[in-house]
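Within every chain, numbering begins at 1; the chains are lettered A, B, ... in the order of the sequence lines, protein sequences first and strands thereafter.
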Number of protein chains: 2
Amino acid sequence: MVDRTSGLPAFRQVAADLRAKIASGEYEPGDRLPSERELVESYGVSRPTIRDAVNVLRSEGIVVAEHGRGVFVRRPARIRRLARSRLSRQARESGQGAFLADAATEGFTPSSSVKVGFEPASERVAQLLQIEPGDEVTVRDRVMRADGAVVQLAVSRLPRTLTRHTAIEQVDTGHGGTYARLEEAGHRIASFAEHVGARMPEPQEASALQLGSGVPVITVTRLAVTAERTPLEINDIVLPADRYELAYEWPSD
Amino acid sequence: MVDRTSGLPAFRQVAADLRAKIASGEYEPGDRLPSERELVESYGVSRPTIRDAVNVLRSEGIVVAEHGRGVFVRRPARIRRLARSRLSRQARESGQGAFLADAATEGFTPSSSVKVGFEPASERVAQLLQIEPGDEVTVRDRVMRADGAVVQLAVSRLPRTLTRHTAIEQVDTGHGGTYARLEEAGHRIASFAEHVGARMPEPQEASALQLGSGVPVITVTRLAVTAERTPLEINDIVLPADRYELAYEWPSD
DNA sequence: GAGTGGTCTAGACCACGAA
DNA sequence: TCGTGGTCTAGACCACTCC
C-alpha cells in the first residue's frame, strides 16, 4: 500500500518498492512480476498509476513487458569484448577483420551485410578526414550479426581518392579487409583513435538492434591515421550497451 | 491530427511528428514546445495521450519538461574529454591528478570530496584484484565537481596491504595522488586497462549527477597493474553521457 | 491569477499469448 | 476462452512559474 502522506508520488513509491524487491532477489531475473491488475489490488491505486510505475522500471531497463504474457525481470546481459588487439596488423594479416576475430573469441557465428556507395562529405566528415565539404567519399555501410541477430552497425567513410580502383569499392574487400587494401595502396596506418560516447537510440536503431526500452547505445567514432597524421578512414559504430563492453589497455608510460 | 486508420498508436504518431519537427529545425534547441493543452487541440487526442507522446521523447533524451514552464528541446551537450595521456607518469609528476588535468584543459573550476573507508572485498573486487573475498580493501569514494556541479563519481579500491602507513588512507593523498604514493612504496604501475560500458542510471546516480531522464551513464572500470600483472587498484567510474566523451588512441602495431 | 506540467481516477475496448 | 499488457478517454486537483 502506498503512503499518501509522504509527499512522494504514488507511482514513484510503487516503482521504488518493485525496484527494491528486484534488487533484494524477491523477484529474480526471468521472473514474472504480478499482473498490473494484481498490483492495483496490492498497492491500492488505479491501473494507470501502476502503469506509470512499471514504465519507470522499463525506462531504467530493469524489466521488459511482453504483450499478453506479463512483465519480466530482465536477465543480466552476457558480455562481449572489443579488444584493442583486434585491430593489430597481425590479426589483419591472418585475414581476420575485427568482427571475425571477436566471433572467434566469443564463439558466435558471425555474418554481415554491406552496402557500398558514394556521397559528398558533410561538414563533420570533411573536418575529420581533413578534406573539403562536398568532396566525394566512399561509404561502406555494414550491419553485423551474431547468430543471426544484429549486434553492431558501422558506417565507414574514406576519401574516394584513396579507394578508386581498389577492392574497397567492392562489397567484398578480400583477405584482410579495408585496412589491408589501404596498406597495399601505400597508405600505411600508423595509429587509431577512438572516441566513445553513449546515448539513447534513435527509433530505427532501436528496431535494427532489437533494443528493449531503457537500453542505451554505445557510440564509437574510430579514426585511422598515417604517421603524417593524415586521416584515412572514419568509422561510426553503434553498439547495444546491454551486449557490449569495450576494452582498452595501454602501458603506463 | 492523428490518423486513426494507420494502425500506429496515436501517442506514437504524435511522438514521431514532434520528433520530426525537432529534427527538421522547426523546434530548435532551447525552444518551448506547444503546451500539452495546445497539443490536445492540434492533434485531436486526450491529454493523457499527449503526455504519453511527450514521455517517449523525454525517455529518448531529446526534450526536457520543466514544471510550470513548459517542455523544451534539449540543447546539444558540450563535450569534455578523458584522454589517455592524463594518466601519464609525467602528468603525475607535475602534481596533477587526472581530473585536475581535465579541468586545466577544459577550463572549468574543479573541486572534489572524498570519503575514505575500509571493507571486505566482494566477490567481484576479489577476483579483479586477485585477492581472497573478505580480504580488507581500502575504499576511496570520490565525488568530482566542475564549477560546483557533480560531473563524475569514482570509487577506488586497493588491497589494504598496499596502503597501510601511506597517505592513500588519508583524505589528502598529497602531490601526485594515489598513483604517486603507490610508486613511492615500490609498486610501479606498468599498465592500465579500462572496460567501458553504458546503462541507464540508478536513481541515486541520476540525482547526484543531475541527469535528465533519457540520459544514460558511461561506466568505466579502470585497473592499474604492475609489470608482473599484479593488480594494484580498481577504479569504478560513472560519468554522465551527455557531458562526456572518452578518447583513446594507440599505435597501429 | 493564469498558465504550465505533475498526478490520479474509473472506467472502456483492443491485441496478444497460452491453455 | 481467459488473462495479459496496450491504448485511450474525460475529467479532476495539485504544484510550480511567471506576471
Side-chain angles (χ1 to χ4, degrees), chain A residues 1-18 27 30-74 203 206-207 212-214, chain B residues 1-18 27 30-59 61-74 203 206-207 210 212-214:
Chain A
M1 282 289 177
V2 303
D3 175 6
R4 297 293 184 175
T5 67
S6 75
L8 203 62
F11 79 95
R12 292 201 182 279
Q13 292 183 44
V14 174
D17 192 61
L18 291 173
Y27 302 127
D31 281 0
R32 214 204 72 187
L33 262 47
S35 77
E36 296 181 348
R37 284 146 180 102
E38 286 168 347
L39 293 173
V40 164
E41 291 302 314
S42 51
Y43 288 104
V45 297
S46 71
R47 186 161 166 237
T49 300
I50 291 295
R51 284 189 62 80
D52 282 348
V54 172
N55 280 337
V56 169
L57 302 186
R58 290 175 64 180
S59 74
E60 287 172 3
I62 66 182
V63 302
V64 288
E66 296 184 30
H67 196 169
R69 300 218 318 128
V71 176
F72 298 84
V73 179
R74 178 169 287 175
S207 65
S213 66
Chain B
M1 282 289 177
V2 302
D3 174 5
R4 296 295 184 173
T5 68
S6 75
L8 202 62
F11 78 96
R12 293 202 183 280
Q13 291 184 46
V14 174
D17 192 60
L18 291 173
Y27 302 127
D31 281 1
R32 214 203 75 187
L33 262 47
S35 79
E36 295 181 349
R37 284 145 181 103
E38 286 168 348
L39 293 173
V40 165
E41 291 303 314
S42 50
Y43 288 105
V45 296
S46 71
R47 186 161 166 236
T49 300
I50 291 296
R51 284 190 61 81
D52 282 347
V54 172
N55 280 337
V56 169
L57 303 185
R58 291 176 63 181
S59 74
I62 66 183
V63 302
V64 288
E66 296 184 31
H67 196 171
R69 302 219 316 129
V71 176
F72 297 84
V73 180
R74 191 186 297 252
S207 65
Q210 294 175 295
S213 67

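- Applying the salt bridge (Lys or Arg N to Asp or Glu O under 4.0 Å) criterion to A/Glu66, with sequence neighbours excluded, gives A/Arg69.
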Close N/O contacts between protein and nucleotides 14-19 of chain C (under 3.5 Å):
{"from": "C/dA15", "atom 1": "N3", "to": "A/His67", "atom 2": "NE2", "distance (Å)": "2.8"}

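- Contacts of residues 39-51 of chain B with DNA chain D (heavy atom under 4.0 Å): B/Val45, B/Ser46, B/Arg47, B/Pro48, B/Thr49.
- Taking the 5' to 3' direction, DNA chain D first and last meets chain A under 4.0 angstrom from a heavy atom at D/dG3 to D/dT7.
- Every side-chain contact (heavy atoms from CB on, under 4.5 Å) that B/Arg58 has, sequence neighbours left out, goes to B/Val54, B/Asn55, B/Val63, B/Ala65, B/Ser213.
- Scanning for side-chain contact (heavy atoms from CB on, under 4.5 Å) contacts around A/Ser42 gives A/Leu39, with sequence neighbours left out.
- The nearest heavy atom of DNA chain C to B/Leu33 and to A/Leu8 marks one nucleotide each, and the one closer to the 5' end goes with B/Leu33.
- A/Glu60 places no side-chain N or O within donor-acceptor distance of the main-chain N or O of A/Gly214, the cut-off being under 3.5 Å.
- For A/Arg47, the salt bridge (Lys or Arg N to Asp or Glu O under 4.0 Å) partners at least two apart in sequence or on another chain are A/Glu36.
- Residue contacts for B/Val71: at a heavy-atom cut-off of 4.0 Å it reaches the sugar-phosphate backbone alone, with no base atom in range.
- Residues that satisfy the side-chain contact (heavy atoms from CB on, under 4.5 Å) test with B/Pro48, not counting sequence neighbours, are B/Ser46.
- In this structure, the side-chain contact (heavy atoms from CB on, under 4.5 Å) partners of A/Ala10, at least two apart in sequence or on a different chain, are A/Val2, A/Arg4, A/Val45, A/Thr49.
- A search for side-chain hydrogen bond (donor to acceptor under 3.5 Å, both in side chains) contacts involving A/Ser207 returns nothing, not counting sequence neighbours.
- Side-chain atoms of B/Glu41 do not come within 3.5 Å of backbone N or O of B/Glu38 as any donor-acceptor pair.
- The salt bridge (Lys or Arg N to Asp or Glu O under 4.0 Å) search around A/Asp17 returns A/Lys21, not counting sequence neighbours.
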